[in-house]
Amino acid sequence: MPNKPTLYRKYRDDTFHFSLTNALINPILPGWNPDPTILRVGSDYFIATSTFEYFPGHPIYHSKDLVNWDLIGHALNRPSQLSLLGTSSDAGVWAPGLRYHKGTFYLTSTTRYVYTAELRLFPRSFYVKTSDIFSNNWSDPIYFDSLGYDTDLFWDINGDVYCTWSGINNAIDKIYSIWQNKIDLTTGNSLTPAIDIFDGTLQHNSSARPEGPHLYLINSTYYLLIAEGGTDVHHRATIQRGPSPSGPWENNPSNPILFNGADLLLLVQDTGHADIVQAQDGSWWGVALGVRPQDGNFSHIQLGRETFLFPVTWESGWPIFNHNQPISTHLPGVLHDKSPLSPYLNDFTTSRTLDNSFYFVRTPYKPFYSLSSRPGYLRLFANSYAPGDRDSSALILRKQTSYEETFETQLEFSPRDNLTEAGVSIYYGDMLHNEIGITGAAGGDGRQVVVRKIVQNIQVGPWALTTANATVIAVDHIPLKTTTQPIKLAIIGNSTSYTLGYAEGDDPLSYPAIIDSAALSIAPAGGFFFKGASFGTYNTGNGKPSFVPADFAYWKQMPAPSG
């Protein structure tokens with residue numbers, strides 16, 4: 001076998017530096033990081049976001065200055081906390097709430113397993129806790145009695161603990177409201193009946209979707225911040241105030257206080273699901289999710305919903321988000337212009353475990369990777385599931401962080417037959433993913449490149465599209481010259497497409513496929529678009545056990561600044 005290639009670790013930092021003095025660069029968490037919740041404890045800031053069917057669940061980011069953020073762990077990182085076997089794409093864990101009280105960090109969440117018609121009610125929400133957020137060691141879940149999602153915890157000055165959530169009023173008509181009760185925090189049990197405390201500011205129908213509640217007590221006044229309008233261009237944030245944690249609520253005359261959807265030409269859209277925090281110097285800041293349509297095209301939002309930061313000021317007892325201006329990718333006069341993007345290179349020589357930036361799809365049944373079986377390589381052991389199967393395939397993912405980004409690796413793999421396959425993927429979920437890999441030739445003679453493209457189906461005739469027939473898979477094969485040479489694999493992303501490439505041995509890269517990024521942005525019929533794109537490596541027996549390991553020599557992601 002050829003020697004493993006030498007890779008350079010140093011990159012020019014100025015590649016990722018903008019010449020914008022004192023202009024915050026958004027998003028602060030690039031790549032899909034939806035439903036942000038923010039917290040400050042002392043001089044430390046923390047943000048948690050949603051992960052849906054990915055494992056581990058709910059990343060925790062840390063910062064000292066609101067500009068530089070590091071991923072320090074995940075709140076749900078053990079199977080006893082989060083079992084996602086068979087969970088639907090875009091189900092899983094939704095919208096965390098991160099709070100701190102008397103030395104303990106609390107993270108609330110909801111695990112949604114299915115969407116089928118007979119299960120119209122939401123599951124129970126829960127919380128996990130830790131006294132050391134840097135330890136990556138959180139408790140097992142404590143479940144609430146409430147049925148809903150986007151759960152928030154609030155401690156009143158008299159010690160009462162309030163649980164507030166988005167709940168369904170009518171399981172048939174799907175009318176939602178903000179619900180609340182008092183709870184025993186130790187057990188999660190309800191102490192008072194659930195009451196509807198707010199129906200939102202929009203017409204109270206199935207499209208209003210009041211959700212994402214956060215309660216605050218600020219200067220002796222209670223505030224209820226919520227999201228409304230669903231997750232598309234109608235998404236917004238509104239705020240109310242009142243004399244108690246349950247209202248009654250006075251509507252802010254300036255609502256919505258965050259809504260980029262009034263101008264669909266803005267670079268940032270779908271803004272909402274906000275949370276606010278006060279800094280040590282007394283200033284206030286907010287975070288919210290948003291998307292960045294490429295070339296003004298909402299079919300090209302493959303990075304999904306990202307986390308944006310903005311200043312919050314106060315006037316007449318009401319918060320003002322970003323000086324009443326739309327959220328943008330650059331905020332002049334706010335903090336400074338440190339790009340959140342950075343190149344990533346892992347040659348698998350410094351640790352026996354993967355770092356926090358890697359994910360699995362659903363909870364693995366058992367370990368399927370090793371950094372010690374062949375030192376200096378990421379070895380994947382196949383299972384019978386393939387990428388896109390509604391289970392836990394031998395697939396390892398890392399989020400795409402820029403629309404202009406290249407992913408590259410080198411694979412050593414000797415397939416036994418045309419079911420044995422390993423390679424790389426640009427992956428959204430079960431129905432939306434594309435691969436370039438290596439498999440055996442039919443009849444077991446030699447190897448071939450396999451290119452798998454998944455595109456949206458077109459309805460023909462009277463048969464409606466469903467999740468079962470919403471996409472079409474096209475597969476191409478390209479013979480390889482050798483049975484032993486390493487194969488370089490690359491995926492090149494830009495604003496509207498992905499290019500899949502390979503090279504055998506020392507050959508230059510060939511590019512057999514270009515994929516419209518709408519294939520990673522448009523939800524299939526009956527599905528949802530809650531996440532974003534990730535790069536991945538996989539090994540599969542395509543329905544059968546496989547005993548052939550796949551050895552990946554390195555993992556390189558090279559993002560470039562983009563709008």
Side-chain angles (χ1 to χ4, degrees), residues 17-18 20-30 33 36-49 59-72 96-107 131-134 152-157 212 214-225 237 239-241 252 254 257-258 268 271 273-290 306-340:
H17 191 81
F18 291 81
L20 296 168
T21 303
N22 296 326
L24 176 70
I25 298 172
N26 265 320
I28 58 167
L29 299 181
N33 277 286
T37 175
I38 191 168
L39 171 71
R40 180 184 63 84
V41 178
S43 60
D44 296 296
Y45 297 91
F46 304 95
I47 289 177
T49 62
I60 308 294
Y61 298 92
H62 169 251
S63 177
K64 285 286 191 179
D65 58 7
L66 294 170
V67 174
N68 297 280
W69 293 90
D70 295 314
L71 176 60
I72 61 172
L98 187 60
R99 294 296 181 256
Y100 179 81
H101 184 70
K102 294 185 176 180
T104 300
F105 295 86
Y106 296 83
L107 183 136
S131 59
D132 181 2
I133 198 170
F134 294 99
D152 180 73
L153 286 177
F154 175 78
W155 289 259
D156 204 2
I157 52 177
H214 291 304
L215 271 174
Y216 315 93
L217 178 60
I218 303 170
N219 295 331
S220 301
T221 299
Y222 296 89
Y223 291 85
L224 175 64
L225 176 65
I239 196 163
Q240 293 64 231
R241 66 186 181 191
N252 183 352
S254 297
I257 56 173
L258 175 63
V268 181
T271 50
H273 204 106
D275 195 7
I276 59 175
V277 68
Q278 188 176 25
Q280 280 187 302
D281 64 3
S283 63
W284 285 82
W285 299 87
V287 290
L289 64 81
E306 304 170 289
T307 292
F308 293 76
L309 179 75
F310 50 88
V312 177
T313 53
W314 291 82
E315 184 176 312
S316 302
W318 291 110
I320 299 172
F321 285 7
N322 196 38
H323 307 294
N324 279 325
Q325 298 299 310
I327 302 301
S328 65
T329 53
H330 305 99
L331 300 185
V334 177
L335 300 175
H336 59 90
D337 63 329
K338 172 69 165 56
S339 172

Looking only at heavy atoms, what is the nearest atom pair of [X] and [Y], with distance?
{"X": "Pro319", "Y": "Ile239", "value": "CG-CD1, 3.5 Å"}
{"X": "Pro30", "Y": "Ile28", "value": "CD-O, 3.4 Å"}
{"X": "Val312", "Y": "Trp314", "value": "CG1-NE1, 4.3 Å"}
{"X": "Leu215", "Y": "Phe154", "value": "O-CD1, 3.6 Å"}
{"X": "Ile25", "Y": "Lys338", "value": "CD1-C, 3.9 Å"}
{"X": "Thr37", "Y": "Arg99", "value": "OG1-NH1, 3.4 Å"}

Indicate every side-chain donor-acceptor pair of residues 278-288 with a distance under 3.5 Å to a residue at least two apart or in another chain.
unit_1, atom_1, unit_2, atom_2, d
Gln278, NE2, Gly282, O, 3.3
Asp281, OD1, Ser283, N, 2.9
Asp281, OD1, Ser283, OG, 2.6
Ser283, OG, Trp285, NE1, 3.0

- [ ] Keeping the roles fixed (side chain from Thr307, backbone from Leu29), state whether a donor-acceptor pair exists under 3.5 Å.
- [x]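 No; judged by distance alone, with no hydrogens or angles, the pair does not exist.
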Open item on the list: Can a donor-acceptor pair be found, under 3.5 Å and without considering hydrogens, that links the side chain of Asn26 to the backbone of Leu309?
Closed with: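 Between the backbone of Leu309 and the side chain of Asn26 there is a qualifying donor-acceptor contact (under 3.5 Å).
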Spacing of [X] atom [atom1] and [Y] atom [atom2] [to the nearest 0.5 Å]:
{"X": "Tyr45", "Y": "Trp69", "atom1": "OH", "atom2": "CH2", "answer": "8.5 Å"}
{"X": "Leu24", "Y": "Asp337", "atom1": "CG", "atom2": "CG", "answer": "9.5 Å"}
{"X": "Phe310", "Y": "Leu66", "atom1": "CZ", "atom2": "CG", "answer": "12.0 Å"}
{"X": "Leu258", "Y": "Asn324", "atom1": "CG", "atom2": "CG", "answer": "11.0 Å"}
{"X": "Ile47", "Y": "Arg40", "atom1": "CD1", "atom2": "CZ", "answer": "14.0 Å"}
{"X": "His273", "Y": "Leu225", "atom1": "NE2", "atom2": "CG", "answer": "9.0 Å"}

Task: All ring-ring contact (aromatic ring centres under 6.0 Å, His included) counterparts of Tyr106, not counting sequence neighbours - done: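 Partners of Tyr106 by the ring-ring contact (aromatic ring centres under 6.0 Å, His included) criterion, ordered by chain and then number, come out as Tyr127, Trp155.
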Open item on the list: For Phe46 and Phe105: C-alpha separation, side-chain torsions, deciding distance, then whether ring-ring contact (aromatic ring centres under 6.0 Å, His included) applies.
Closed with: CA-CA 11 Å; Phe46 304 95; Phe105 295 86; 5.6 Å; yes
Task: Worked verdict on Asn252 versus Arg241 for side-chain contact (heavy atoms from CB on, under 4.5 Å) - done: CA-CA 8 Å; Asn252 183 352; Arg241 66 186 181 191; over 6 Å; no
Task: Worked verdict on Ile60 versus Leu39 for side-chain contact (heavy atoms from CB on, under 4.5 Å) - done: CA-CA 11 Å; Ile60 308 294; Leu39 171 71; over 6 Å; no
Open item on the list: Pairing donors with acceptors under 3.5 angstrom, does anything connect the side chains of Asp275 and Tyr216?
Closed with: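 Their side chains do contain a donor-acceptor pair, which is all the 3.5 Å distance test asks for.
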Task: Side-chain donor-acceptor contact under 3.5 Å, Ser63 with Asp65 - done: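 Side-chain D/A pair, Ser63 to Asp65: present.
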Open item on the list: Under the rule for salt bridge (Lys or Arg N to Asp or Glu O under 4.0 Å), what residues qualify as partners of Asp44, not counting sequence neighbours?
Closed with: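 Only Lys64 meet the salt bridge (Lys or Arg N to Asp or Glu O under 4.0 Å) criterion with Asp44.
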Open item on the list: Against Phe308, only a single residue in Ser328, Pro27, Pro36 fulfils side-chain contact (heavy atoms from CB on, under 4.5 Å); can you say which?
Closed with: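 Result for side-chain contact (heavy atoms from CB on, under 4.5 Å) with Phe308: Pro27.
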Task: Name of the residue among Asp70, Thr49, Asn33 meeting side chain to side chain donor-acceptor pair (under 3.5 Å) with Tyr61 - done: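 Answer after filtering Asp70, Thr49, Asn33: Asn33.
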Open item on the list: side-chain contact (heavy atoms from CB on, under 4.5 Å), that's the test. Do Leu224 and Tyr222 meet it? Break it down for me.
Closed with: CA-CA 7 Å; Leu224 175 64; Tyr222 296 89; over 6 Å; no
TODO: Go through the steps to decide whether Val41 and Ile133 satisfy the test side-chain contact (heavy atoms from CB on, under 4.5 Å), and finish with yes or no.
DONE: CA-CA 11 Å; Val41 178; Ile133 198 170; over 6 Å; no
